[in-house]
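Below is one structure; the comments refer to it alone.
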Amino acid sequence: MSRVGEFDIIRDYFAGAPTSQSVVLGIGDDCALLQPPPGSILATSVDTLVAGRHFPEGADAAKVASRALRVNLSDLAAMGAKPLWFTLALTLPAADRKWLERFSRGLLETAREYGISLVGGDTTAGPLSITVQVTGHAQKPLRRDGAGAGDGVYVSGPLGAAAAALPVVLGERKVDSELRQAAEAAFYWPEPQLQLAQSIVPLATAAIDISDGLLADLGHICRASGVSAELDIEALPVAALARELTPEQARELAATGGDDYQLCFTVPKGDVPELERMNTGAVRIGTLIPASGEPQVLARRHGQSWTPKHPGYQHF
Ligand code: ADP
Ligand code: MG
């Protein structure tokens, strides 16, 4: 392992990141200088990935970098925002050139793919931890508190893939190499739903990205909007990886598994036909109803009330 200093790291791995017109001054000064698109509302969000907690200690640095940026981009998608800039706070146990090489490659490849510019950061020594802050711009932000009774509830795509992948990624479940690859892809390359988000912006009343599990995250929309949701568990699109398990386990993971980064969103009854005509691939899973008492998510299966055995992921 070759040892290098903080400024070498910044120069060799991050300072050369491509930027865009909106970046007046990028990496290298005390602050970045940024010019937002005229008339836009900025949307900003930060997420930290801690080694051993959010990814395995020895995980490939390129994959970890990809995941760190993608989960943040997903927050922009959930807000109906388009990516502009991000910063990176990196805490490293050692300046390992091999690791940094792979990390910056994975990071900058992902940044290029989604048209977001790295404009600054901080580099410190300590237990491995990666903090990414993203900023985007929105014309009409998709908040959690805009949904109303009667709205249709949709998800952007299959659920349960990342939760099914987790034991494989952690090495707790041995599978063949094809399945292992699919699991790694689900976990490290979640697809931020930026395009779908832009297409639903004119119609959607609320949106959230599914990071903690559908039931938990839809619950956030319900509480913020003061409505309840009726959910048809049989309508949930189940990811192929989850379908490898028993039907009950698959259902459970689709309803409660985190880390898929699909969007859950709501559309007023009157706009449902237009959404369906748009062929976004989104799937209707339920309907919002007036809350009697505390807003809640009422899951049903074949007409019977349904509750998961394990509720959504809790950090603490
Ligand atoms: P300061 O001491 O003013 O905080 P630093 O020495 O930490 O500045 O960083 C110097 C420059 O390099 C700044 O522009 C900062 O944003 C950038 N930078 C530091 N670490 C990173 C990183 N991991 N990724 C991208 N840019 C970084
Ligand atoms: Mg600094």
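As the structure lists them, so they are numbered: ligands from 1, and atoms in each ligand from 1.
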**OP:** Return a yes/no value for Val119: is any of its N or O atoms, backbone included, closer than 3.5 angstrom to an N or O of ligand 1?
**Re:**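 By distance alone, the answer is no.
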Subject >> Contact check: Gly26 vs ligand 1, nitrogen or oxygen atoms, below 3.5 angstrom >> reply: no
Subject >> Test log, rule salt bridge (charged side-chain N to carboxylate O under 4.0 Å, His left out), inputs Asp12 and Arg97 >> reply: CA-CA 10 Å; Asp12 292 350; Arg97 277 205 180 266; 3.0 Å; yes
Using a 4.0 Å cutoff against the non-hydrogen atoms of [X], which atoms of ligand 1 qualify?
X: Asp30; answer: 3 (O)
X: Asp29; answer: 13 (C), 14 (O)
X: Phe7; answer: 6 (O)

Original post:
Has Tyr13 got any heavy atom lying under 4.0 angstrom from an atom of ligand 1?
Top reply: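 In this structure, Tyr13 fails to qualify as a contact of ligand 1 - no heavy atom is under 4.0 Å.
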Original post:
Counting only heavy atoms not in Glu276, do more than 12 fall under 6.0 Å of its CD?
Top reply: yes
Original post:
Of Thr48, Asp47, Thr91, which meets side-chain hydrogen bond (donor to acceptor under 3.5 Å, both in side chains) against Thr131?
Top reply: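 Considering Thr48, Asp47, Thr91, a side-chain hydrogen bond (donor to acceptor under 3.5 Å, both in side chains) with Thr131 is found only for Thr48.
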Original post:
Are Arg67 and Phe187 in a cation-pi contact, defined as NZ or CZ under 6.0 Å from the six-membered ring centre and within 45° of the axis?
Top reply: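 Arg67 over Phe187 ring: yes.
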Original post:
Which residue, Leu194, Asp209, Leu142, Asp217, forms the side chain to side chain contact (heavy atoms under 4.5 Å, CB included) with Leu263?
Top reply: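 Only one of Leu194, Asp209, Leu142, Asp217 forms a side chain to side chain contact (heavy atoms under 4.5 Å, CB included) with Leu263, namely Asp209.
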Original post:
Are Glu101 and Arg105 ion-paired here, with the side-chain N under 4.0 Å from a carboxylate O?
Top reply: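 Here Glu101 pairs with Arg105 in a salt bridge, since their nearest N and O are under 4.0 Å apart.
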**OP:** For ligand 1, indicate whether the residue Ile10 contacts it via side chain, backbone, both or neither (heavy-atom separation under 4.0 Å).
**Re:**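 The answer is the side chain.
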